[in-house]
Asks: 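Once you've had a glance at the structure underneath, I'll fire off some questions.
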Amino acid sequence: MNFNAITWDPSLGIELGFFTIRYYSLMFVLAFGVGLALMKRIYIKDGIELDKLDKLFMYTIIATILGARLGHVFFYDWAYFKDHLGEILLPVKFNPFRFTGFAGLASHGAAVGIITALYFYSKNILKKPLLFVLDRVGIVVALAGFFIRIGNLMNSEIIGKPTGTNFGIIFKKLGEDFPRHPTQLYEAFSYLAIFVCLWYLYWKTDKKEQYGYLFGFFFATLWSVRFVIEFLKEAQIDDRGDWDLNTGQWLSIPLIIVGLYYMFRKKK
């Protein structure tokens, strides 16, 4: 079968003359906006007061950004940040001073941050078990992953390895003339499929009554997808051979095990 590679060279955002709305930032806004709308439907279904949804939104936003940032710093790039501590929580670089935004965000760190924040939310605000909250938040987080990977595609980042064929995407912004695996799309549509499965399980089955099952399904499938697709990605930080495991894969293994445990543990 013959394929024609796609040449990818989009602008980084929507120009408004005095301001540019970056596509990556727009994807973050869509992720939280759509997620909030879906969680509202879930809260109504579960008979939870909607005034508690606003606090969930704030807990999740802060935990996502802070966790993802610290995850990148400590899991992937501590060798740099140990000598640049002031840049960890500031969207700038010094020497010379320049605004960069938060150029490093790690999904594993975001996972830790969100779970930590939801523990306090479930205990202090919702007054329900942590797994009750994780089962429901995992549904919309899977969809958020779809939006974030589309944002990565728009930025021509998190790129795949060369395909060696006419199949793939040529990232012109990187000065290249050969196609690579569109790993951003592989992940994006995998996460979208996981969201659809979770949405179905919540609305059409009784799995939401089995505390931890939806959360386990979310963890087991999402991190398995991440583990497999990493083999097709270019190394972001740590170099490796074609079939060596990278940092992201090693971090994914315990999360997959946690997911399987909550899916298949005996009911109490």
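All residue numbers in this chain count up from 1 along the given sequence.
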Asks: Are the charged groups of Glu234 and Lys161 less than 4.0 angstrom apart, N to O?
Replies: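 Lys161 and Glu234: not salt-bridged.
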Asks: Mind listing the closest non-hydrogen atom pair of Val225 and Ser190 along with its distance?
Replies: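 For Val225 versus Ser190, the nearest heavy atoms are CG1-CB, 3.6 Å.
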Asks: With a 4.5 Å limit on heavy-atom distance, are the side chains of Phe171 and Leu153 in contact?
Replies: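 Yes, their side chains come closer than 4.5 Å.
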Asks: Let's go through Tyr211 and Leu134 carefully: what are the C-alpha distance in whole Å and the side-chain angles of both, what is the deciding distance for side chain to side chain contact (heavy atoms under 4.5 Å, CB included) to 0.1 Å, and is it a yes or a no?
Replies: CA-CA 9 Å; Tyr211 284 1; Leu134 292 176; over 6 Å; no
Asks: What's the separation between atom CD1 in Ile114 and atom CD1 in Ile62, rounded to the nearest 0.5 Å?
Replies: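 Atom-to-atom, Ile114:CD1 and Ile62:CD1 are 12.5 Å apart.
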Asks: Rounded to the nearest 0.5 Å, what separation is found between the OG atom of Ser25 and the CG atom of Leu30?
Replies: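 Here the interatomic distance stands at 11.0 Å.
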Asks: Can you confirm whether Lys45 is buried at NZ, in the sense that more than 12 heavy atoms of other residues, nucleotides or ligands lie under 6.0 Å from that atom?
Replies: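 Counting other residues, nucleotides and ligands, NZ of Lys45 stays at 12 neighbours or fewer.
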Asks: Which heavy atom of Ala63 sits nearest a heavy atom of Gly113, and at what distance?
Replies: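 In terms of heavy atoms, the two residues are closest at CB-O, 3.3 Å.
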Asks: Take Val137 and Leu56 through the side chain to side chain contact (heavy atoms under 4.5 Å, CB included) test and state the conclusion after the steps.
Replies: CA-CA 9 Å; Val137 171; Leu56 174 66; 4.2 Å; yes
Asks: Using atom types as modelled and distance alone, determine if a side-chain donor or acceptor of Gln249 lies under 3.5 Å from a backbone N or O of Asn246.
Replies: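 Yes, because the side chain of Gln249 sits within donor-acceptor range (under 3.5 Å) of the backbone of Asn246.
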Asks: What's the spacing between Ile48 CD1 and Lys40 NZ if we round to 0.5 Å?
Replies: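 The CD1 atom of Ile48 sits 14.0 Å away from the NZ atom of Lys40.
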Asks: Do Leu260 and Phe219 touch side chain to side chain, with heavy atoms closer than 4.5 Å?
Replies: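 A side-chain contact is absent here, since even the closest heavy-atom pair is not under 4.5 Å.
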Asks: Measuring from Asp206:CG to Tyr213:OH, what's the distance to the nearest 0.5 Å?
Replies: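 The CG atom of Asp206 sits 10.5 Å away from the OH atom of Tyr213.
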Asks: Do Phe32 and Phe57 have side chains that get closer than 4.5 Å, going by heavy atoms?
Replies: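 A side-chain contact exists here, since the closest heavy-atom pair is under 4.5 Å.
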Asks: Start with the C-alpha distance between Tyr121 and Val133, add both sets of side-chain angles, then the distance that settles side chain to side chain contact (heavy atoms under 4.5 Å, CB included), and finish with yes or no.
Replies: CA-CA 9 Å; Tyr121 173 80; Val133 183; 4.2 Å; yes
Asks: Salt bridge check, Glu176 against Lys172: does any charged N sit closer than 4.0 Å to a carboxylate O?
Replies: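 Salt bridge between Lys172 and Glu176, a charged N being under 4.0 Å from a carboxylate O: no.
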Asks: Which atom pair, heavy atoms only, marks the closest approach of Met263 to Gly216?
Replies: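 Closest pair (atom of Met263, atom of Gly216, distance): CG-C, 3.4 Å.
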Asks: If hydrophobic clusters are built from ILVMFWY residues whose side chains come within less than 4.5 Å, do Ile256 and Leu198 share one?
Replies: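 In one cluster: yes.
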Asks: When you compare the side chains of Glu157 and Asn152, does any donor N or O come within less than 3.5 Å of an acceptor on the partner?
Replies: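 On atom types as modelled, these side chains qualify, holding a pair under 3.5 Å.
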Asks: For Arg136 and Met39, which heavy atoms make the closest approach, and how far apart are they?
Replies: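 Looks like O-SD, 3.7 Å.
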Asks: Is the backbone of Gln184 close enough, under 3.5 Å, to the side chain of Arg149 for a donor and an acceptor to pair up by distance?
Replies: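 Not a single qualifying donor-acceptor pair exists.
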Asks: Take Ile115 and Phe215 through the test side chain to side chain contact (heavy atoms under 4.5 Å, CB included) and record every step on the way to the result.
Replies: CA-CA 11 Å; Ile115 292 174; Phe215 168 69; 4.2 Å; yes
Asks: Could you check whether Arg41 makes a cation-pi contact with Tyr43, meaning its NZ or CZ is under 6.0 Å from the centre of the six-membered ring and within 45° of the ring axis?
Replies: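 Because its charged atom misses either the 6.0 Å distance or the 45° angle limit, Arg41 does not stack over Tyr43.
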Asks: Between Ser122 (side chain only) and Leu126 (backbone N and O only), is there a donor and an acceptor less than 3.5 Å apart?
Replies: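 No; judged by distance alone, with no hydrogens or angles, the pair does not exist.
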Asks: Over all heavy atoms of both residues, which pair between Ala188 and Phe146 is shortest? Give the atoms and the distance, please.
Replies: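 Distance-wise, the nearest heavy atoms are O-CD1, 3.2 Å.
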Asks: Any heavy-atom pair between the side chains of Phe227 and Leu245 that's under 4.5 Å?
Replies: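 Side-chain contact under 4.5 Å: yes.
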Asks: Looking at Phe178, I'd like to know if its CZ atom is crowded, meaning that more than 12 non-hydrogen atoms belonging to other residues, nucleotides or ligands lie closer than 6.0 Å.
Replies: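 Buried by this count: over 12 neighbours within 6.0 Å.
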Asks: With side chains defined as the heavy atoms from C-beta onward, is the minimum distance between Phe195 and Tyr191 less than 4.5 Å?
Replies: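 Side chain of Phe195 against side chain of Tyr191, heavy atoms only: no contact under 4.5 Å found.
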Asks: What is the minimum heavy-atom distance between Asp135 and Gly212, and which atoms define it?
Replies: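 Heavy atoms of Asp135 and Gly212 come nearest at OD2-N, 2.9 Å.
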Asks: Should Val112 and Leu130 be regarded as members of a common hydrophobic cluster, given that ILVMFWY residues are connected when their side-chain heavy atoms come within less than 4.5 Å of each other, either directly or indirectly?
Replies: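 Different clusters: Val112 never reaches Leu130 through Ile, Leu, Val, Met, Phe, Trp or Tyr contacts under 4.5 Å.
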Asks: Look only at the side chain of Thr183 and the backbone of Ile158, and say whether a donor-acceptor pair between them is shorter than 3.5 Å.
Replies: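 Judged by distance alone, yes, a pair lies under 3.5 Å.
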Asks: Taking the side chain as every heavy atom from C-beta outward, state whether Cys197 and Phe217 have any pair of such atoms under 4.5 Å apart.
Replies: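 Side-chain contact under 4.5 Å: yes.
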Asks: Look at the side-chain heavy atoms of Ile, Leu, Val, Met, Phe, Trp and Tyr, link any pair under 4.5 Å apart, and say whether Val29 and Val140 land in one connected group.
Replies: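 Unlinked, Val29 and Val140 end up in two clusters.
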Asks: When hydrophobic residues are tied together by side-chain contacts of less than 4.5 Å, even through go-betweens, does Trp8 share a cluster with Leu232?
Replies: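 Per the 4.5 Å side-chain linkage, Trp8 and Leu232 are co-clustered.
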Asks: Side chains of Trp199 and Leu38: does their closest heavy-atom pair fall under 4.5 Å?
Replies: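 The answer is yes, as the side chains (C-beta and beyond) meet within the 4.5 Å cut-off.
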Asks: Quick one: CG on Asp46 to NZ on Lys128, what's the gap to the nearest 0.5 Å?
Replies: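 It is 7.5 Å, given to the nearest 0.5 Å.
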Asks: Is it true that, when you exclude Trp250 itself, more than 12 heavy atoms of the residues, nucleotides or ligands shown sit nearer than 6.0 Å to its CH2?
Replies: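 No, not enclosed.
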Asks: Roughly how far apart are Leu118 CG and Ile125 CD1, rounded to 0.5 Å?
Replies: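 One gets 11.5 Å once the value is rounded to the nearest 0.5 Å.
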Asks: Flag the pair Leu185 / Ile150 as yes when at least one side-chain heavy-atom distance between them is below 4.5 Å, and no otherwise.
Replies: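 Yes, at least one pair of side-chain atoms sits under 4.5 Å.
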Asks: Would you say Ile159 ends up clustered with Ile170 if hydrophobic residues are merged whenever their side chains have heavy atoms under 4.5 Å apart, either directly or through other cluster members?
Replies: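 Different clusters.
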